[in-house]
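Since the structure comes first, as structure tokens, the remarks are kept for the end.
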Amino acid sequence: MKQRRTDKDIIQPRAIETREKLLKSALMLYTEKGYHSTTVDEIAKNAGLSTGVAYRYFKNKKDLLLEAIIYGFENIKEIAGVEETDFFGTDLEHALTAFERIHTEYFAFHEELESLRHSDSDVGKLYDDFTKTAIGNVYEKLPEDLRKKPDTLENLYIAIGIMENYCHTFMHKRLSDKQLKVMRKNVIKAVENILL
């Protein structure tokens, strides 16, 4: 006998879908305009919802920002198109391409987040927690013989820092295309040497 769906069964998925629409809309507008230039009204309208609905899910603009950051971090694999296993071996090139794409596609939001992580303790904590978790996930996916080497976790932090620094140079176009190509090649070599 088929069970009848209750209102609770219908409302829960709808509420999850509505919340996700708002979070995706927030990330999209933060990317286009930056956090400070985006209002909750614009986020709701872009999601096809009313402002009142947005405030049912998020108490204020900052709450929406924090939840959007968490949503972005939780879905980073889909956003970046990269797996933890891409950070070593033959897939390092793919990982660096994903880093470049994130830094250029999310330029405005990235710049504001870099500032906010130093000026807002809540954003800073989210960043720190995500970094620790993400690097921990990469570390756990490394081959066992690599994890057994001394200082591998610390070296992983260094490698990610090098990639991040390169991406800032890439994002701001501080060097010519030819120089960036040389830098990219050397970054991959340096990260491979540090990790492998």
Side-chain angles (χ1 to χ4, degrees), residues 1-87 95 97-141 160 163-164 167-168 171-172:
M1 184 172 166
K2 193 174 181 182
Q3 269 192 324
R4 191 168 169 238
R5 287 180 67 175
T6 65
D7 286 345
K8 187 178 179 183
D9 294 329
I10 296 166
I11 292 170
Q12 174 110 11
R14 193 178 308 148
I16 291 167
E17 183 182 321
T18 300
R19 186 175 186 280
E20 194 170 288
K21 271 186 185 177
L22 288 163
L23 293 172
K24 286 179 177 178
S25 176
L27 286 173
M28 187 175 94
L29 290 175
Y30 296 158
T31 299
E32 289 174 9
K33 301 172 55 172
Y35 165 69
H36 293 294
S37 298
T38 303
T39 66
V40 174
D41 294 351
E42 291 169 322
I43 292 167
K45 185 178 179 182
N46 185 56
L49 301 165
S50 71
T51 305
V53 169
Y55 283 113
R56 269 189 244 147
Y57 289 87
F58 308 100
K59 55 186 171 194
N60 55 40
K61 183 178 176 178
K62 182 178 174 184
D63 185 42
L64 180 51
L65 168 69
L66 296 175
E67 292 298 322
I69 292 170
I70 292 168
Y71 179 82
F73 286 161
E74 288 174 349
N75 294 283
I76 196 72
K77 288 180 192 175
E78 291 79 25
I79 292 169
V82 69
E83 296 288 331
E84 286 95 349
T85 53
D86 292 341
F87 287 93
T97 299
F99 262 55
E100 290 168 343
R101 192 167 54 75
I102 288 171
H103 281 80
T104 51
E105 287 180 19
Y106 297 88
F107 180 84
F109 190 39
H110 180 277
E111 291 294 281
E112 279 188 304
L113 282 180
E114 284 296 315
S115 173
L116 284 168
R117 73 187 279 204
H118 299 292
S119 63
D120 185 297
S121 60
D122 295 326
V123 174
K125 182 170 179 359
L126 282 178
Y127 243 93
D128 292 344
D129 290 349
F130 171 73
T131 301
K132 187 176 181 180
T133 300
I135 291 179
N137 288 343
V138 172
Y139 177 80
E140 289 303 318
K141 300 282 184 178
I160 300 287
M163 292 170 69
E164 183 79 12
C167 284
H168 288 183
M171 181 172 67
H172 290 285

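Heads up: numbering here begins at 1 and tracks the sequence.
The line from CZ of Phe107 to CD of Glu32 is 15.0 Å long, rounded to the nearest 0.5 Å. Atom CG in Leu126 sits 8.5 Å away from atom CD in Glu67 (nearest 0.5 Å). Considering CG of Leu27 and NZ of Lys24, their distance stands at 10.0 Å, rounded to 0.5 Å. Atom CG in Leu113 sits 6.5 Å away from atom CG in Leu65 (nearest 0.5 Å). If you take CD1 on Ile69 and CG on Leu23, they are separated by 11.0 Å, rounding to the nearest 0.5 Å. Of the inter-residue distances, the one linking Thr38 atom OG1 with Phe109 atom CZ reads 9.0 Å to the nearest 0.5 angstrom.
Counting all heavy atoms, side chain and backbone alike, Lys62 lies closest to Asp120 at NZ-OD2, 3.0 Å. Residues Ser50 and Ala44 share a closest heavy-atom pair of O-CB, 3.5 Å. Closest approach of Tyr57 and Val53 over heavy atoms only: CD1-O, 3.1 Å. Between His103 and Met171, the shortest heavy-atom distance links the atoms O-SD, 2.9 Å. Nearest heavy-atom pair, Met28 versus Asn46, reported as atom, atom and distance to 0.1 Å: CE-ND2, 3.0 Å. Annotation for Lys59 and Asp63: closest pair N-OD2, 3.0 Å, computed over non-hydrogen atoms.
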Practice task
Applying side-chain contact (heavy atoms from CB on, under 4.5 Å), run through Leu116 and His36 and close with a yes or a no.
Solution key: CA-CA 10 Å; Leu116 284 168; His36 293 294; 4.2 Å; yes
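A donor-acceptor pair shorter than 3.5 Å cannot be found between the side chains of Glu114 and His118.
Without hydrogens or angle criteria, Ser25 side chain to Lys21 main chain gives no donor-acceptor distance under 3.5 Å.
Crowding of Lys45 atom NZ: a count of heavy atoms from other residues, nucleotides or ligands under 6.0 Å not exceeding 12.
Between Tyr30 and Tyr35, the ring planes lie perpendicular to each other; the angle is over 60°, past the 30° to 60° tilted range.
A salt bridge links Lys125 with Asp129: the distance from a Lys NZ or Arg NE/NH1/NH2 to an Asp or Glu carboxylate oxygen falls below 4.0 Å.
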